[in-house]
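Side-chain atoms are counted along with the backbone in the values below, which use heavy atoms only and exclude waters and symmetry mates.
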Amino acid sequence: MSEVVRLDVDDIQMSARKGRLRLYGKGDKFREVDIHPKLRTELQLWLDERPNWPHAGDNRALFLNAKGGRLTTRAAGGIIAEIAQTAGLDDPTTAHILRHTLATTLVRGKTDLVLVAEILGHARLETTRRYSLPSDKDKEDAIKLITVDR
């Protein structure tokens with residue numbers, strides 16, 4: 001979540017067909033991540049609306065609170081929880097759970113683990129592995145890939 005609330009307007013590169021975010025992680029290391037096409041549309045709507053917020057011209061933060069200051073991690077977490085509740089989700093939803101879900105979705109979609117690690121900003125594959133523990137079905141499918149000679 002801290003990566004998202006640290007975003008500044010200048011960390012976005014948008015064109016007619018593509019978009020990229022420059023995300024800052026631990027140790028001020030940055031990485032660039034492509035923006036999903038549907039998210040690009042929503043992000044552009046926000047960028048068009050943002051100048052109308054109080055003190056938006058005084059703050060380079062991408063996401064602003066109601067007073068025009070940078071949105072905090074805690075406030076962003078509250079927004080996620082409120083969206084989940086409005087959507088009727090029974091389980092508590094946090095940024096960490098969303099991150100875990102993203103990693104699991106990518107891994108189960110057969111995305112290379114190295115690429116998943118890069119998207120998540122992990123320097124070590126072992127860190128990524130914790131987010132993407134295989135299910136019993138994943139294990140069964142892997143066993144079926146083994147060629148057995150007669």
Side-chain angles (χ1 to χ4, degrees), residues 1-139 141:
M1 180 68 72
S2 62
E3 290 178 325
V4 173
V5 297
R6 283 183 69 180
L7 283 169
D8 288 337
V9 174
D10 297 338
D11 294 326
I12 301 170
Q13 302 166 1
M14 297 270 272
S15 69
R17 294 185 352 220
K18 290 185 87 176
R20 290 181 73 80
L21 291 177
R22 184 177 334 129
L23 296 168
Y24 291 89
K26 294 177 182 173
D28 282 333
K29 292 181 182 177
F30 78 89
R31 69 187 188 287
E32 292 188 345
V33 178
D34 290 333
I35 303 171
H36 190 283
K38 290 182 181 179
L39 180 56
R40 269 196 347 260
T41 302
E42 296 299 320
L43 188 53
Q44 188 59 57
L45 289 171
W46 168 243
L47 290 171
D48 293 342
E49 174 63 27
R50 187 186 176 283
N52 299 324
W53 278 55
H55 306 289
D58 303 333
N59 194 330
R60 298 307 307 153
L62 177 60
F63 298 112
L64 304 172
N65 62 28
K67 295 180 181 179
R70 183 178 295 274
L71 190 67
T72 65
T73 301
R74 183 175 180 170
I79 292 168
I80 289 171
E82 187 176 326
I83 290 169
Q85 184 178 18
T86 301
L89 300 179
D90 295 330
D91 297 330
T93 303
T94 64
H96 182 77
I97 290 170
L98 294 175
R99 183 178 173 89
H100 180 89
T101 301
L102 168 67
T104 302
T105 300
L106 292 174
V107 170
R108 292 204 176 136
K110 308 297 185 227
T111 304
D112 183 83
L113 202 57
V114 173
L115 181 56
V116 176
E118 187 175 318
I119 290 169
L120 294 175
H122 294 159
R124 298 177 54 225
L125 285 178
E126 187 58 35
T127 305
T128 307
R129 187 179 176 284
R130 281 186 259 151
Y131 282 94
S132 57
L133 295 175
S135 68
D136 288 339
K137 176 147 179 20
D138 294 330
K139 294 173 191 174
D141 291 345

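The aromatic rings of F30 and Y24 lie tilted to each other, with the angle between the two planes from 30° to 60°.
The list of side chain to side chain donor-acceptor pair (under 3.5 Å) pairs with a residue in residues 67-88, not counting sequence neighbours, reads D8-R70. Listed by first then second residue, pairs satisfying salt bridge (charged side-chain N to carboxylate O under 4.0 Å, His left out) with a partner in residues 40-62 read D10-R60, not counting sequence neighbours. Sorted pairs that involve residues 64-85 and meet ring pair (Phe, Tyr, Trp, His ring centres under 6.0 Å), not counting sequence neighbours, are lacking altogether.
Distance CD/Q13 to CG/D34: 10.0 Å, rounded to 0.5 Å. To the nearest 0.5 Å, atoms CD (Q44) and CD1 (I12) are separated by 8.5 Å. With rounding to the nearest 0.5 angstrom, the CD1 atom of I119 is 10.0 Å from the CG atom of D112. Distance check, rounded to the nearest 0.5 Å: CZ of R99 to OG1 of T104 gives 11.5 Å. To the nearest 0.5 Å, atom CG of residue L47 and atom CE of residue M14 are 6.0 Å apart.
The heavy-atom pair separating L43 from L62 by the smallest distance is CD1-CD2, 4.1 Å. Nearest heavy atom pair, residue L120 against residue A103, reads CD1-CB, 3.7 Å. Taking both residues in full, the closest heavy atoms of P54 and A66 are given as CG-O, 3.5 Å, listed atom of the first, atom of the second, then distance. The two atoms that bring A76 and V5 nearest to each other are CB-CG1, 3.9 Å, heavy atoms only. Listed here is the closest heavy atom pair of W53 and L64: CZ3-O, 3.6 Å. Nearest approach of A61 to V9, heavy atoms of both residues: O-CG2, 4.0 Å.
When the salt bridge (Lys or Arg N to Asp or Glu O under 4.0 Å) test is applied to K139, no partner is found at least two apart in sequence or on another chain. Every side chain to side chain contact (heavy atoms under 4.5 Å, CB included) that I80 has, sequence neighbours left out, goes to M1, T93, A95, L98. Applying the side chain to side chain contact (heavy atoms under 4.5 Å, CB included) test to K38 and every residue at least two apart in sequence or in another chain returns H36. The side-chain hydrogen bond (donor to acceptor under 3.5 Å, both in side chains) check on R31 picks up E3, with sequence neighbours excluded. Here T94 pairs with H96, I97 under the side chain to side chain contact (heavy atoms under 4.5 Å, CB included) rule; sequence neighbours left out. Under the rule for a side-chain hydrogen bond (donor to acceptor under 3.5 Å, both in side chains), the partners of K137 that lie at least two apart in sequence or sit in another chain are D141. Applying the side-chain hydrogen bond (donor to acceptor under 3.5 Å, both in side chains) criterion to D11, with sequence neighbours excluded, gives R22. Applying the side chain to side chain contact (heavy atoms under 4.5 Å, CB included) test to T111 and every residue at least two apart in sequence or in another chain returns L106, L115, V116.
Side chains of P37 and K18 form no contact here, defined as non-hydrogen atoms less than 4.5 Å apart.
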Inset, instruction - Just do the side-chain contact (heavy atoms from CB on, under 4.5 Å) check on L23 and R6 with the steps written out, would you? - result: CA-CA 8 Å; L23 296 168; R6 283 183 69 180; over 6 Å; no
